[in-house]
There are 2 protein chains.
Amino acid sequence: MPARPPSADAQPVFRALADPTRRAIISMLAEGPRPIAEIAAAFDMTRPAVAKHLAILKDGGIIAVEAKGRERINRLNPEALKTAADWLGHFDRFWDERLAKLKDVVERTS
Amino acid sequence: MPARPPSADAQPVFRALADPTRRAIISMLAEGPRPIAEIAAAFDMTRPAVAKHLAILKDGGIIAVEAKGRERINRLNPEALKTAADWLGHFDRFWDERLAKLKDVVERTS
DNA sequence: TTTATATGAAACCTTTTGGTATTATGTCAA
DNA sequence: TTGACATAATACCAAAAGGTTTCATATAAA
């Protein structure tokens, strides 16, 4: 077990998480895949701006884009979030010792 | 239970986590409190640059600074990281159903 | 008291970020 | 085929981020 959390390539994930609009997009896509126009309609900014955020989310592997006719369907890829969650997981023993132990059990029985 | 994760004031925390140097500082401080000079010595940048990173970490509540003589001791405050971990926790059912259930148990028996 | 040390603070610079507007392209529908 | 629609792509801009150098201040030590 390493003493410090792995840096991995967590960078594009943490970078994607740093913007509140992008976190809101993640929450929205957790409810189901959506085309760009539908996402953009929910925010007070232009569609190209939203498209840029989607590009950054895609760069972090957080969403996958699938062409469907003239639409581009954006689908959440939650596994990418695990990279960030795992990094933070190295510290959660500080605030919840019991949870850390349960996680150990879960990982051992995998 | 809300359908979407709370936005809370996760912003300063996620912002602080977005930089690799700052994440490395967090890892370092997890091993114990340190003065600025000692932290700066571990990175290939000037002390004022590191001081700026520490200011951002402090802004996110991730570290606490305590004056001790002419030194300023930086101490990790892991509870602040829980804000980010909780946000991500709303998604971890996607990648580990069992862990999510265990977390429910932990939270119910608190 | 003088000197060295630890830090704070300001000014400055370059790159990145987050947004805009505009134009171009591919696809569906009449 | 023509027109409307969904998106891509480009150029542009202001502000924030991440770094530097320089100078000031407070404390410790000689």
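Everything quoted here is computed from the prediction, not taken from an experiment. Numbered from 1 within each chain, the chains take letters A, B, ... in sequence-line order.
- Nucleotide D:dG19 holds its C1' atom 15 Å from the CZ atom of B:F43, rounded to whole Å.
- For the pair B:R23 CZ and D:dG18 P, the computed distance is 11 Å after rounding to whole Å.
- When side chains are defined from C-beta on, A:L54 does not count as touching A:V65, because their heavy atoms never get closer than 4.5 Å.
- The list of side-chain hydrogen bond (donor to acceptor under 3.5 Å, both in side chains) pairs with a residue in residues 53-67 of chain B, not counting sequence neighbours, reads B:R22-B:H53, B:E66-B:R75.
- Look at CG on B:D19: it is 14 Å from C1' on C:dT15, rounded to the nearest Å.
- Across the protein-nucleic acid pair, B:K68 atom NZ and D:dA28 atom C1' stand 15 Å apart, rounded to whole Å.
- Between A:R15 atom CZ and D:dA17 atom C1' there is a gap of 12 Å when expressed in whole angstrom units.
- The side chain of A:H53 places an N or O atom within less than 4.0 Å of a non-bridging phosphate oxygen (OP1 or OP2) of C:dG19.
- Contact annotation: A:T46 side-chain N/O to C:dG19 OP1/OP2 distance is not under 4.0 Å.
- Between the P atom of D:dT7 and the NZ atom of A:K58 lies a distance of 14 Å, rounded to the nearest Å.
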Please write out each protein N/O paired with an N/O of nucleotides 5-11 of chain C under 3.5 Å, distance rounded to 0.1 Å.
residue : atom : partner : partner atom : Å
C:dT5   : O4'  : B:R70   : NH1          : 3.4
C:dT5   : O2   : B:R70   : NH1          : 3.1
C:dT7   : OP1  : B:I36   : N            : 3.2
C:dT7   : OP1  : B:R72   : N            : 3.3
C:dT7   : OP2  : B:A37   : N            : 2.8
C:dG8   : OP1  : B:R72   : NE           : 2.7
C:dG8   : OP1  : B:R72   : NH2          : 3.3

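- Taking atom CE of B:M45 as the reference point, atom P of C:dT15 lies 17 Å away to the nearest angstrom.
- Between the CG atom in B:N77 and the CD1 atom in B:I62 there is a gap of 9.0 Å [rounded to 0.5 Å].
- You'll find the side chain of A:I63 stays beyond 4.5 Å of the side chain of A:I26, heavy atoms only.
- One interatomic measurement links the two molecules: CD1 of A:I25 to P of C:dG18, which rounds to 11 Å at whole-angstrom precision.
- Residue pairs meeting the ring pair (Phe, Tyr, Trp, His ring centres under 6.0 Å) criterion with at least one member in residues 12-35 of chain A, sequence neighbours excluded: A:F14-A:W87.
- The shortest distance between side-chain heavy atoms of A:I39 and A:M28 falls below 4.5 Å.
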